[in-house]
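Have a look at the structure below before the remarks.
Sequence positions, counted from 1, serve as the residue numbers for this chain.
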Amino acid sequence: MISPYIILFSLLTFPYIDYIPFIPRLLTNYSKPQTAQNMSLRCLFSISLLSSLVCLFMTPSTCQNVTAKKVDVGVILDMDTYVGKMSKTCLEMAIHDFYTAHENYTTRLVLHTRNSLGDVVVATSAAIELLNNYQVKAILGPQQSRQADFIADIGNTTQVPIISFTATSPLLSHLETPYFIRTAQVDTSQLKAIAAIVNAVKWSEVVPIYERSPYGSGILSYLADAMQGIGTRIPYRCGISPSATDDQILKELYNLMTMQTRVFIVHMLPNLANRLFLKAKEAGMMSKGYAWIVTDGIASLLSSMDSNVINSMQGVIGVKTYLPQTKELDQFSKRWEQRFHDEYPGIDHVQLNAYGLAAYDSVSALAMAVEKADIANSQFIKPAIQDNMADLETIGVSEAGPKLLHSILNAKFTGLSGKVYFKSGQIPISVFQIVNLVGNDIAPIGTWTENGITEQLPASNENSIREKNYLKKIVWPGKSRIIPQGWVMPVNEKKLRVGVPVKRGFSQFINVTRDPLTNAPIVTGYCKDVFEAVMNSLPYAVSYEYEPFETSEGSGESAGNYDDLVEKVFAEEYDAVVGDITIRANRTKFVDFTLPYIESGVSMIVPTKGEGKSAWIFMKPLKTELWISIGAFFLYTGFVVWVLEHRVNKEFRGPPSNQVGMILWFSFSTMVYAHKERVVSNLSRFVLIVWIFVVLVLSSSYTASLTSLLTVQRLQPTITDISALIRNGEYIGYQEGSFILDLLKSLKADESKLKPLGTLEEFDEKLSKDSNNDGVSAIVDELPFLRLLLAQNCSKYKLVSLTTKASGFGFAFPKGSPLVPDVSRAVLKVIESPDMNLITTTWFGDQDKCSEEDTTTATSNSLTLDSFKGLFIIAALSSTSALFIFFINFLCESKRILASQEPVKQKVVAIARTFNKKKEDAHQAAKKEKSEEEEIEMPARGEFHLTPGATSFSNHEEGLFSPDEGLSSTEPGTPYHEYAVIELNEDGHG
């Protein structure tokens with residue numbers, strides 16, 4: 001395409017073409033008189049030649065623009081706003097910078113800008129006009145989310161990509177409208193950063209203040225989820241219309257002042273935000289104790305706001321998109337600021353922000369995609385013209401739309417705002433900067449990433465070691481360095497309505513009476529005193545008034561059970577409940593409890609009976625299994641000692657009946673240390689030492705237990721198992737109005753056998769009677785009530801069978817009440833103080849007079865096997881070890897028998913005979929050996945001394961001297977030979 005400047009230059013130089021030195025020679029063939037044909041030829045030649053000459057003195061890009069293809073692109077901005085002006089400047093600079101850097105591109109974007117005037121209809125009309133008149137291949141903008149909502153549908157219908165760099169509402173989605181592409185951050189991406197701030201300072205409640213528009217309301221459900229994830233409630237949502245007057249805004253702010261919450265998250269467009277903070281300053285809500293957090297739509301524009309607005313926003317915390325500090329960005333910011341001042345000299349406070357950079361990078365992404373898709377010559381496919389067709393229907397569908405969309409979504413490059421790539425039709429942003437408005441400075445105090453908040457953006461994924469130091473740098477509203485508590489008790493708020501139960505008995509815990517003159521309720525009792533001590537320990541004042549839970553004012557009749565009372569808090573009829581309210585899992589569905597101020601649990605109290613003396617009382621100190629174990633060990637120890645002593649100790653030898661008697665006698669005589677038999681084996685001595693020690697411990701324990709049984713009066717419960725009561729159909733009492741009824745039903749108790757009791761006196765009366773005499777066999781209730789009865793009747797009743805656990809008594813508040821954490825801390829403070837003991841003694845007296853043994857579950861006093869299990873294990877190991885060592889030695893001595901070729905039966909018999917024979921000790925064996933040697937030497941000297949019993953000596957000569965018969969040191973001789981030797985030694989003559 002020939003530039004109009006080149007044509008103009010050629011026309012101006014045409015009369016002087018003959019004066020150019022080399023041109024006449026080129027036209028020698030045309031030196032004839034000027035004809036029309038000659039003139040046309042000279043003109044064309046002049047234009048072509050001069051075009052080449054001009055290109056020699058112009059930039060290469062200008063020459064290449066001669067052949068570049070134009071691609072029309074629509075731009076829809078609100079030119080009456082700062083963001084619109086900033087975006088327009090950035091778009092124009094982006095076109096120039098991009099094609100200067102990409103001279104070889106064959107396509108050129110041509111922008112057609114339209115002003116939406118901040119109106120949805122005007123913006124939509126502008127989009128249709130651009131599509132009709134210019135057949136734009138893409139539209140940059142629009143600026144507002146509500147405008148983008150309409151135009152995105154138009155783009156989806158015509159298959160024209162809509163690229164928005166300022167519409168951040170999460171209601172706009174690429175998944176629903178595929179031709180909508182977003183280069184700015186979506187509002188939901190900053191919610192994790194906001195939640196991190198709230199969580200760091202432990203605020204329990206926040207109130208969002210939002211603009212009633214798609215931009216403002218689109219974030220609410222996501223914000224609620226983010227707050228729920230950190231355990232923070234949203235008790236109220238304050239919506240303000242963009243068209244609201246200043247008085248209406250002030251009215252909403254005054255309404256917020258009447259509530260407890262003092263943390264506000266503001267999400268609205270800058271124009272409405274400016275008015276909101278001016279009125280908040282006027283209402284006194286920018287003072288100490290308040291906290292304000294603004295989203296990116298406001299935080300990114302703080303530097304461009306009016307000084308009056310800045311003064312009214314002191315101490316505000318903002319979350320805005322993080323911009324990487326690069327040399328290219330710094331240079332561009334300076335060029336942009338200069339150009340912006342040239343185009344809009346009346347605007348003083350300017351600063352480039354993420355929206356402007358997103359517009360700049362949008363041009364780069366679109367220009368790359370257009371060049372790659374090669375769609376410059378594409379057209380719109382027009383539908384068949386019909387009557388009554390709307391303008392939108394006549395536009396048709398862009399044939400290059402799908403190709404261009406695909407090319408845009410696949411674009412990847414590094415822009416001024418950082419890395420640019422698309423995920424689900426938008427650029428993911430994972431870094432936000434947290435700023436604090438102090439004076440005229442927007443001070444950065446931290447950076448949020450997926451890893452949390454750090455003071456500086458870490459080089460790696462690891463958190464900074466000073467992660468929470470940023471909190472110390474914040475200046476809160478009112479120039480305070482103290483983190484706001486997040487809620488207060490409003491001065492103009494009505495008093496807390498504290499519900500108290502109305503009951504007939506147990507007035508020590510809670511009691512409601514009426515003033516005879518004013519009929520005002522008078523609340524007394526342990527629970528009331530603890531509650532007032534706790535409230536007085538809070539670091540701030542809380543006003544409250546008691547309201548009895550009764551059917552009608554002054555009736556004195558309870559309006560329901562304790563579950564009904566708790567549900568009144570959930571129904572917002574009470575702001576708190578004070579009384580003997582047990583913390584139960586089912587109740588936590590409706591209220592939040594403080595920490596318990598008194599321990600609890602469920603037990604059963606029953607009458608006691610005296611324990612009479614029995615003729616067999618001497619058997620009671622030990623359990624049956626212990627008696628059996630002791631007897632078994634007596635027998636086992638006696639048997640072990642007999643085995644060890646049988647071969648070497650004549651006292652453990654003899655007829656079988658004597659040996660069995662010896663086993664029984666010796667083992668049981670050790671119980672009273674009456675054994676007189678001397679043991680020879682060292683193994684036996686080892687076994688006896690251990691066993692006598694065991695007997696000593698057992699006898700001492702038995703003596704102590706028997707003494708206790710004979711001298712101390714024992715009161716035993718009449719029954720110890722609630723299951724037995726239920727099976728036998730006994731009557732069981734419980735406190736009326738409590739959860740014990742449901743508990744007993746869950747244990748399969750017959751409801752007709754359950755008697756509700758209301759007072760301490762009824763407890764005592766019914767327990768004193770038998771179950772068959774209009775009384776009850778037991779009462780099941782919580783420990784604090786039962787201990788109160790037990791303190792007055794230590795000798796009559798006993799606590800048994802702890803059936804279930806309970807968390808104790810607590811104060812109930814509405815779900816998510818900010819009072820709960822503070823009151824819980826105050827409860828701990830009161831419990832640890834001397835005031836708690838004073839309150840307890842005042843209402844319950846000295847409950848320590850009943851011993852711990854009498855106030856706990858009744859147990860048997862008999863000694864059990866478990867108490868002596870260790871002793872028995874030691875005794876068993878010592879005896880068994882000694883027996884094992886003996887048998888090893890014995891088998892070694894009998895190895896000749898074991899090694900013989902005799903049958904197994906004969907080997908067993910031989911071993912048994914060997915065991916039954918008496919084993920001589922070393923001294924006896926040496927003496928005998930010497931005597932036998934002398935007998936052998938006598939025939940050598942010719943001397944023979946025979947006893948009468950040795951007349952058959954010659955017949956038994958071989959047996960006498962055989963080692964198998966009598967000369968072995970380990971085996972004694974046969975009875976015959978023994979007798980012969982004895983006769984010889986005793987008589988000494990023939």
Could you walk me through whether Met313 and Ile298 pass side chain to side chain contact (heavy atoms under 4.5 Å, CB included), step by step?
CA-CA 11 Å; Met313 295 179 66; Ile298 302 172; 4.2 Å; yes
Starting from the C-alpha separation in whole Å, work towards a yes-or-no answer on side chain to side chain contact (heavy atoms under 4.5 Å, CB included) for Lys137 and Val370.
CA-CA 9 Å; Lys137 302 301 186 294; Val370 166; 5.7 Å; no
May I have the step-by-step check of side chain to side chain contact (heavy atoms under 4.5 Å, CB included) for Gln159 and Tyr179, ending in yes or no?
CA-CA 7 Å; Gln159 295 186 0; Tyr179 281 84; 3.6 Å; yes
Could you please spell out the steps behind the side chain to side chain contact (heavy atoms under 4.5 Å, CB included) verdict for Thr295 and Gln190?
CA-CA 8 Å; Thr295 56; Gln190 62 187 318; 3.4 Å; yes
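Here the side chain of Lys85 pairs a donor or acceptor atom with the backbone of Met79 at under 3.5 angstrom. The backbone N or O of Pro214 sits less than 3.5 Å from a side-chain atom of Ser169, completing a donor-acceptor pair. Side-chain atoms of Lys403 come within 3.5 Å of backbone N or O of Ala373 as a donor-acceptor pair. Ser312 places a side-chain N or O within donor-acceptor distance of the main-chain N or O of Val309, the cut-off being under 3.5 Å. At least one donor-acceptor pair closer than 3.5 Å links the side chain of Lys382 to the backbone N or O of Ile395. Here the side chain of Glu399 pairs no donor or acceptor atom with the backbone of Ser378 at under 3.5 angstrom. Looking only at distances, a side-chain donor or acceptor of Asn410 sits under 3.5 Å from a matching main-chain atom of His406.
Counting heavy atoms from C-beta on, the side chains of Thr168 and Asp296 never come closer than 4.5 Å. No side-chain heavy atom of Glu337 sits under 4.5 Å from any side-chain heavy atom of Leu352. Using a 4.5 Å cut-off on side-chain heavy atoms (C-beta onward), Tyr344 and Thr89 make contact. Contact annotation: the side chain of Arg114 approaches that of His112 to within less than 4.5 Å [non-hydrogen atoms, C-beta and beyond]. With contacts defined as side-chain heavy-atom distances shorter than 4.5 Å, the pair Ile197/Trp448 does not qualify. Side chains of Val263 and Thr232 form no contact here, defined as non-hydrogen atoms less than 4.5 Å apart. Side-chain atoms of Pro142 and Ile162, non-hydrogen and from C-beta on, do get closer than 4.5 Å to each other. Using a 4.5 Å heavy-atom cutoff, the side chains of Tyr236 and Leu256 are in contact.
With Val73 as the partner, the side chain to side chain contact (heavy atoms under 4.5 Å, CB included) test is satisfied by one option alone out of Val110, Leu366, Val363: Leu366.
Between atom CD1 of residue Ile293 and atom CD1 of residue Ile317 there is a gap of 5.5 Å, rounded to the nearest 0.5 Å. To the nearest 0.5 angstrom, Ile181 atom CD1 is 13.0 Å from Leu172 atom CG. Considering CD of Glu176 and CG of Asp149, their distance stands at 9.0 Å, rounded to 0.5 Å. Between the OG1 atom of Thr183 and the CG atom of Asp361 there is a distance of 7.5 Å, given to the nearest 0.5 Å. Put simply, NZ on Lys192 and CD on Glu450 are 4.5 Å apart, with the number rounded to the nearest 0.5 Å. How far CD1 of Ile139 is from CD1 of Ile163: 10.0 Å, rounded to the nearest 0.5 Å.
Thr321 and Gln185 make their closest contact through OG1-CG, 3.3 Å (heavy atoms, listed as atom of the first residue, atom of the second, distance). Here the shortest heavy-atom pairing between Cys238 and Glu252 reads SG-OE1, 3.6 Å. The heavy-atom pair separating Trp292 from Pro477 by the smallest distance is CD1-CG, 4.1 Å. Taking each heavy atom of Ala196 and Ile453 in turn, the nearest pair found is CB-CD1, 3.6 Å. When every heavy atom of Phe180 is checked against every heavy atom of Ala148, the shortest pair comes out as CE1-CB, 4.1 Å. For the pair Met93 and Arg335, the tightest heavy-atom approach, listed with the atom from each and the gap, is CE-NH1, 3.5 Å.
The pair Lys251-Asp247 does not meet the salt-bridge criterion, since no charged nitrogen lies less than 4.0 angstrom from a carboxylate oxygen. Taking 4.0 Å as the cut-off between side-chain N and carboxylate O, Glu282 and Lys279 count as a salt-bridged pair.
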Would you list the atom pairs, donor with acceptor, under 3.5 Å between side chains in residues 424-443 and any protein atom, with sequence neighbours excluded?
residue	atom	partner	partner atom	Å
Gln426	OE1	Arg182	NE	3.3
Gln426	OE1	Arg182	NH2	3.4
Asn436	OD1	Val475	N	2.8
Asn436	ND2	Val316	O	3.1
Asn436	ND2	Val475	O	3.3

Hey, can you pull the donor-acceptor pairs under 3.5 Å for the side chains in residues 219-229, sequence neighbours left out?
none

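A parallel orientation is assigned to the rings of His102 and Phe98, their planes being inclined by less than 30° (bins at 30° and 60°). The aromatic rings of Tyr105 and Tyr99 sit perpendicular to each other, their planes meeting at more than 60°, with 30° as the lower class boundary.
Between the side chains of Thr106 and Glu371, at least one donor N or O sits under 3.5 Å from an acceptor N or O. Donor-acceptor pairing under 3.5 Å is recorded for the side chains of Gln143 and Thr81.
No more than 12 heavy atoms of other residues, nucleotides or ligands shown are found within 6.0 angstrom of OH on Tyr421. Atom NE2 of His341 has more than 12 heavy atoms from other residues, nucleotides or ligands within 6.0 Å.
Aromatic ring centroids of Trp336 and Phe340 lie under 6.0 Å apart.
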